[in-house]
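So the structure is just underneath, and the comments pick up after that.
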2 protein chains.
Amino acid sequence: MKTKIISPACADKLKVLSDPTRLGVLETLMSGPKNVGELMDELDVEQSLLSHHLAILRDAGLVESTREGKTMIYQVPESVSDSTTGKAIHLGCCKISFD
Amino acid sequence: MKTKIISPACADKLKVLSDPTRLGVLETLMSGPKNVGELMDELDVEQSLLSHHLAILRDAGLVESTREGKTMIYQVPESVSDSTTGKAIHLGCCKISFD
DNA sequence: TTTTCATATGAATGAAATTTAATATGAACT
DNA sequence: AGTTCATATTAAATTTCATTCATATGAAAA
């Protein structure tokens, strides 16, 4: 009886999405790039808290950021957002489709 | 500027899947019903710990159990597992497809 | 170069989730 | 009824996570 190797890596990626703020960030960014201030306004989250969550999303490769003057623009990488259906997130191990 | 209402309910459901043991249980059960002992063997998880995780999956409606003699059979409900593609989990708010 | 704006980082706290250990339940067998 | 097998439950210990607060960084403006 070989012991099945479960998928901790996939669970880790799902954990990144299993938070309302981070999920909200992704949902928001799926409609296009935004800077941190815009995300704060839209999601109604404190600056520092949002920044922490953005770091977690960035570390997981689910968002990427570029500086534009004083502000930082965040967006979902092409490889992550399904541009055809528009409403899916590719985690590598699995794909999450909304609605 | 209306404040966007994020989706805590969906995050909660994703949280249930964001654990290697629970994800392993679901993956295992997607190939058919199993009793707890079989899940223990396949996933190499302690009895009590597995039971806790099964309770969380049950509370979330992602698995259901029926007694058969001394053992408990666990399975993924029809409504949750996508019977057509075979490899998807429906959470209500979103759908997770594997490989 | 000092100030201001936009964002990031680190430490501290508290809450929630996971894990372990011990015990309980419920069905079948003797 | 008492014992055993399979699983669940409870409580306690531990770990992880989210949040807050204070401070730092980096770019532009004065």
Side-chain angles (χ1 to χ4, degrees), chain A residues 1 3 6-29 33-76, chain B residues 1 3 6-26 28-29 33-76 91:
Chain A
M1 316 277 171
T3 296
I6 50 189
S7 41
C10 190
D12 282 351
K13 294 183 178 179
L14 287 170
K15 189 165 293 177
V16 174
L17 293 182
S18 68
D19 172 274
T21 300
R22 294 195 290 268
L23 199 53
V25 167
L26 270 180
E27 285 175 355
T28 302
L29 292 184
K34 301 236 177 332
N35 66 41
V36 178
E38 291 168 330
L39 288 171
M40 279 179 62
D41 290 346
E42 190 142 2
L43 298 171
D44 194 30
V45 180
E46 289 291 341
Q47 183 274 315
S48 172
L49 181 54
L50 178 55
S51 195
H52 282 298
H53 283 299
L54 286 172
I56 292 171
L57 286 167
R58 212 170 345 100
D59 290 350
L62 294 181
V63 303
E64 55 190 19
S65 59
T66 56
R67 182 173 281 278
E68 194 166 298
K70 281 199 245 182
T71 76
M72 292 294 268
I73 311 284
Y74 278 82
Q75 61 186 323
V76 182
Chain B
M1 316 270 174
T3 296
I6 50 188
S7 42
C10 190
D12 282 351
K13 293 183 179 181
L14 287 171
K15 188 166 294 175
V16 175
L17 292 183
S18 70
D19 172 275
T21 301
R22 293 195 291 268
L23 199 53
V25 166
L26 270 180
T28 302
L29 292 185
K34 302 237 179 329
N35 66 42
V36 178
E38 291 168 330
L39 288 171
M40 280 179 62
D41 290 346
E42 190 143 1
L43 299 171
D44 194 30
V45 180
E46 289 290 341
Q47 185 273 314
S48 172
L49 181 55
L50 178 55
S51 195
H52 282 298
H53 284 300
L54 286 171
I56 291 170
L57 287 167
R58 212 170 343 100
D59 289 351
L62 294 182
V63 302
E64 56 191 18
S65 60
T66 56
R67 182 173 280 279
E68 194 165 301
K70 279 197 245 185
T71 77
M72 292 295 268
I73 312 284
Y74 278 83
Q75 61 187 320
V76 182
L91 294 185

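When reading the values below, keep in mind they use all heavy atoms of this one structure, side chains included, and skip hydrogens, waters and symmetry mates. Naming: A, B, ... by sequence-line order, numbering from 1 per chain.
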May I ask you to test the [X]-[Y] pair for a side-chain heavy-atom distance under 4.5 Å?
X: A:N35; Y: A:E38; result: yes
X: B:L54; Y: B:S65; result: no
X: B:T71; Y: B:V36; result: no
X: A:V25; Y: A:L50; result: yes
X: B:L91; Y: B:L62; result: yes

In whole Å, what is the span from the [atom1] atom of [X] to the [atom2] atom of [N]?
X: A:H52; N: D:dC17; atom1: NE2; atom2: C1'; result: 12 Å
X: B:I56; N: D:dT9; atom1: CD1; atom2: C1'; result: 13 Å
X: A:D19; N: C:dA15; atom1: CG; atom2: C1'; result: 14 Å
X: A:L49; N: C:dT9; atom1: CG; atom2: P; result: 15 Å
X: B:I73; N: C:dA27; atom1: CD1; atom2: C1'; result: 14 Å
X: A:D41; N: C:dA6; atom1: CG; atom2: C1'; result: 13 Å
X: A:D59; N: D:dA18; atom1: CG; atom2: P; result: 13 Å
X: A:R58; N: C:dT9; atom1: CZ; atom2: C1'; result: 11 Å

Quiz prompt | Listed nucleotide nearest any side-chain atom of A:M72, set C:dT20, C:dT7, D:dC21 | solution = C:dT7
Practice problem: Look at the side chain of A:V36 and decide which nucleotide, out of D:dT7, C:dT7, D:dT20, has an atom nearest to it. | Solution: C:dT7
Quiz item: Taking for each residue the nucleotide of DNA chain C bearing the nearest heavy atom, is the 5' side occupied by A:K70 or by A:L54?
Solution: A:K70
Quiz prompt | Given DNA chain D, 5'-ward residue of the pair A:Q47 and A:K15, judged by closest heavy atom | solution = A:K15
Quiz item: More 5' along DNA chain D: A:R67 or A:R22, using each one's nearest nucleotide?
Solution: A:R22
Quiz item: Is a donor-acceptor contact shorter than 3.5 angstrom present between the side chain of B:S48 and the base of C:dT19?
Solution: no
Quiz item: OP1 or OP2 of D:dT19 sitting under 4.0 Å from any side-chain N/O of A:H53?
Solution: yes
Practice problem: Ignoring backbone atoms, test whether A:Y74 places a side-chain nitrogen or oxygen under 4.0 Å from the OP1 or OP2 oxygen of C:dA6. | Solution: no
Practice problem: Look at all strands and tell whether A:T71 reaches a base, only sugar-phosphate, or nothing, counting heavy atoms closer than 4.0 Å. | Solution: sugar-phosphate
